[in-house]
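Below is one structure, written out as structure tokens; the observations come after it.
All of these numbers come straight from a predicted model, not from anything done at the bench. Atoms within each ligand, like the ligands themselves, are counted from 1 in listed order.
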Amino acid sequence: MTIQAETKWLKDYQAPVFEVINLDLTFELSPTQTQVTNRMVCQLAPGQPLADMLLDGESLRLISIKLNDQLLNEVEYQLTDTQLRLPKVLFANSSSPYQLEIVTEINPQANTALEGLYLSSGRFCTQCEAEGFRKITYFFDRPDVLTTYQTTVIADKAEYPTLLANGNLVSQTDLSDGRHQAVWQDPHKKPCYLFALVAGSFGCLTDHYTTAEGREVLLEIYTEPRHLAKCRHAMDSLIASMRWDEQRFGLSYDLDRYMIVAVDDFNMGAMENKGLNVFNSKFVLADADSATDVDFEGVEAVIAHEYFHNWTGNRVTCRDWFQLTLKEGLTVFRDQEFTADMLSAPVKRIEDVRRLRSHQFAEDAGPMAHPIQPQSYIEMNNFYTLTVYEKGAEVVRLYQTLLGRDGFRKGMDLYFARHDGQAVTVDDFRLAMADANQQDLTPMQAWYQQAGTPHVKVVADYDASQQAWLLQFSQQNSLAQAKSEVDKTPLLIPIKLAAFDATGQAWSSSFLASAAQDAIAAGQLRLIEGEWVYLLTAFNQTLNVKDAPADLVWSLLRDFSAPVILDYAMPAAARLHLAKFDTDPFNRWEMVQQLVLADLIAQVNQAAATPTADLVVKPSNEVVTLFTSLLTEALAKTAQADVDWAWYGYALNLPDMSYLIEQFNPVPIAAVLQVYPAYQRAIGLALVDLWQQTYQAQAAQLSSDYAYNAQAIGRRLLKNRALQAWLASGNQQALSAAKAQYQTQAHMTDVAASLQGVMQWHEVAAAPLMDDFYQRWQDQPLVLDKWFAWQAGFGQAAGIAGVDALLAHAKFAWTTPNRVRSVLGSFARINLALFHQADGAGYRWLAKQVLHLDAINPQVAARMVVPLIQWRRYQPKQQRLMKQVLEELKGAIQSKDVFEIVSKALVD
Ligand code: TRP
Ligand code: ZN
């Protein structure tokens, strides 16, 4: 089979020919034969010459078309697999506006791709973003066609007692035949990707919110009735989000009702449909027994994210899908700021930067690298990426760094004042920021157009005769293929900086002001919200700091002020100095991590140079000393109440293995796989008493009652980090402590930490606990996902047969993305020893499963194949094995989703 792989280009964008005045949809729901009646009123867009009307549609059975009440004959229009064409002659004699009525039939039960209208556990739901509406009815499936919707839902009343759609409920009536109907009206114009419909049997948690203007909003969360008690946290998160958006951005909700529906079968996290969000139940349901701290944080962040989309996404939407980061980068930035305010700002920053470096940097260095505003795509679903979302959020953060919070708020206010109700571009956003602050932000443009992670190199020299520091900055685009004009443009890179003297005192900002007058006069150094921000705007630029002492240690890129790789060769002593004295908690953490990372890299290089089975891996003295002092410091504070415990937890953790892998090209994977766990063991062993004491001290402070706040979360994080390290040491007492923690069953955070740790370090001892866990949780899908994920991610003993057994398990389901991710995703991203085994069996296993999944759910299959596409970064033997399975896949797969990823990975 040859794949129809048409590439769509941003440069080909054309404004819509027709506009839709309103849309009236009627659904007569049935699992296999749902009838959709689409009545739309449309007219030529102003200034457009009459042309054929092209409507998108896929997997639809067309029943009839009427134009102005006249039934059209088959010869009067043209139908393909993806399009309905109504020739312009049809409109030539009729007066505008035109009334179209299109009746189609669809089969939701057969829809395992989970795009369009589908069934999840017997409940109807929809997913339309990006281009799923075309699987519901013929329409202009593009975000710049906005209209008002009225939706009538008709279904059997006993089976589907709840009938929901966007907007406000107009009426609900029983029909004579056991069916009932609900009519919903959404007064806000929207593009069709924000359409939603839900029908089924649900429980509902209700609450209320009064907006700043005093309007009452009904809040509803719908789930399977048995999960109702797990919705409180989601509801509290929603209320907190609504309040936060009013306080921080002056944005209030705009309908009488806000509904969230949780479903078990969902391709992504959640969807911001107007007034009717549909969620992966993973991001709604949480209680202490069944959800970890990470799960609770995920619920809070995703609930906030979707709520924030109501303004940044729905009220102001995207002109076309190349603008996706306009809504996603901005909304991720907003949810990051929200979480920072709810919990710990430095810890949130650390978590986000970790994710960016471990995953987005890899994407940006691989064959799918793209700018946050891509120039082209084959399958849009493949561009809901870490780059568009997370790097996009970093680019939005740059505006706030450059303009300050107040300036950023002014820009947001102007953005809404200008563009409410419109479908716009990233340039409109940048212009609003610029105009509101009377600044020229043209230099920001290149951030939208360049792929790859920029490198910033810094050389700091001291000139003793002049008593001056010279900081030489240079920037470089990291992509070898960077060759277009836009890639040759330097970026505007704000670098927050400070300096600390030998005693650890911050070299005060007034000194810096007088010492760097030239740079200040030139506009290259600015004091923004109390921080010095150096603006790197050229490829090479030097900052001259006069009358400065020789013993300064420079703290650069504080708070990770730009999404770049900083190449700054610091002596270990300088890193240790900042790890102790830096006033920026992010950079303190960064210094600790850099020391450990440098140590890990050195040991991997050594192992790769002289391969041996009995390699001795030992953390450097600096690392041991630093960890000792951090653990001692945290222990001394144990009883205090105002400590950022999670900061210690993250500082005392190792950089992710995937971030370590990022540091090599080619990656000596065997050496990494040998060194990393050995290093974990050695760090555990070297500090075994301190890990034990930390574990016990924090455990003594924590009550077994679950509380969701930064203090308790942080203590649990540090405690469980200590448990991990203690377990890694091989210590038997640690194993007993972990088992006891499991048996206590205090809450899922502790249960998961103990079980995962035992699984990772004492796989045999884990077996009875895993069985017990299964017995307890087999009927709770979200918890059972963890059981699958731990085995796929950490099971080593049974090799590939172990993951095959998971696929054969009665509770495995190819049609449930969460379940698929918990096995395929955990295997390829976490169980790197099995995935990268030398004979290539891990690669072949993954490819085989991707091929199977491709026929069921292409969108998820395209995600699962990604670990294979980094093949060029590995050594020749591994390269050949990975490339071979990719080539075989390319010849066998059916979807353009997987085709795009695999074929781009194989381009020479
Ligand atoms: N717009 C959604 C969000 O980020 C994500 C999304 C895009 C999505 N496409 C999807 C969710 C398909 C589910 C399925 O909030
Ligand atoms: Zn989003």
Side-chain angles (χ1 to χ4, degrees), residues 111-118 120 125-136 141-143 166 190-198 234 237-238 241 245 260-284 298-318 320-339 372 374 377 379-393 396 423 815-818 820-821 857-863 895 897:
N111 182 354
T112 57
L114 313 186
E115 193 183 48
L117 178 69
Y118 66 93
S120 175
C125 65
T126 54
Q127 172 55 41
C128 295
E129 190 178 7
E131 299 177 325
F133 194 73
R134 64 188 61 188
K135 294 180 165 184
I136 292 176
D141 193 355
R142 46 187 291 168
N166 314 86
K190 64 170 176 284
C192 64
Y193 82 87
L194 292 172
F195 170 79
L197 173 156
V198 168
S237 302
L238 175 60
S241 309
D245 218 11
I260 290 173
V261 180
V263 299
D264 286 342
D265 306 287
F266 204 69
N267 282 345
M268 305 245 243
M271 181 62 214
E272 69 265 25
N273 317 302
K274 184 79 188 187
L276 177 56
N277 291 181
V278 179
F279 270 63
N280 184 328
S281 54
K282 178 176 167 57
F283 295 108
V284 176
V299 169
E300 186 173 64
V302 177
I303 293 268
H305 179 97
E306 306 311 331
Y307 175 71
F308 296 155
H309 266 315
N310 191 52
W311 280 95
T312 51
N314 302 4
R315 290 287 289 252
V316 183
T317 194
C318 302
D320 55 74
W321 291 121
F322 300 100
Q323 318 298 327
L324 181 61
T325 201
L326 172 74
K327 77 175 175 79
E328 295 304 345
L330 178 53
T331 303
V332 171
F333 170 74
R334 276 152 53 70
D335 83 55
Q336 290 176 347
E337 292 287 274
F338 168 74
T339 301
I372 63 169
Y377 63 80
E379 169 52 62
M380 187 55 212
N381 284 328
N382 285 335
F383 286 83
Y384 287 76
T385 58
L386 285 148
T387 299
V388 167
Y389 276 63
E390 312 298 322
K391 184 179 180 180
V396 172
T815 49
T816 301
N818 288 352
V820 171
R821 282 186 281 259
N857 187 328
Q859 200 177 326
V860 175
R863 302 278 160 161
S895 73
D897 308 56

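- Vertex the Zn ion (ligand 2); arms to His309 atom NE2 and His305 atom NE2; angle 100° (nearest 10°).
- The closest protein non-hydrogen atom to atom 6 (C) of ligand 1 is Met268 CE, 3.7 Å.
- Asn267 and Gln859 form a side-chain donor-acceptor contact under 3.5 Å, judged by distance and modelled atom types alone.
- Between the side chain of Thr126 and the backbone N or O of Leu197, at least one donor-acceptor pair lies under 3.5 Å.
- The nearest N/O/S atom of Glu328 to the Zn ion (ligand 2) is OE1.
- Of the N or O atoms in Tyr389, one or more lie within a sub-3.5 Å distance of an N or O in ligand 1.
- The N/O atoms of Asn381, backbone and side chain alike, include none that comes under 3.5 Å of an N/O atom in ligand 1.
- Among protein heavy atoms, atom 1 (N) of ligand 1 sits closest to Glu129 OE1, 2.5 Å.
- Residue Lys327 places a heavy atom under 4.0 Å from ligand 1.
- Metal site remark for the Zn ion (ligand 2): Glu272 contributes no N, O or S atom at a distance under 2.8 Å.
- Protein heavy atom nearest atom 14 (C) of ligand 1, with residue, atom name and distance: Gln127 CD, 3.2 Å.
- Between Tyr384 and ligand 1, a contact under 3.5 Å exists for no N or O pair.
- Under 4.0 Å from ligand 1, the heavy atoms of His305 that appear belong solely to its side chain.
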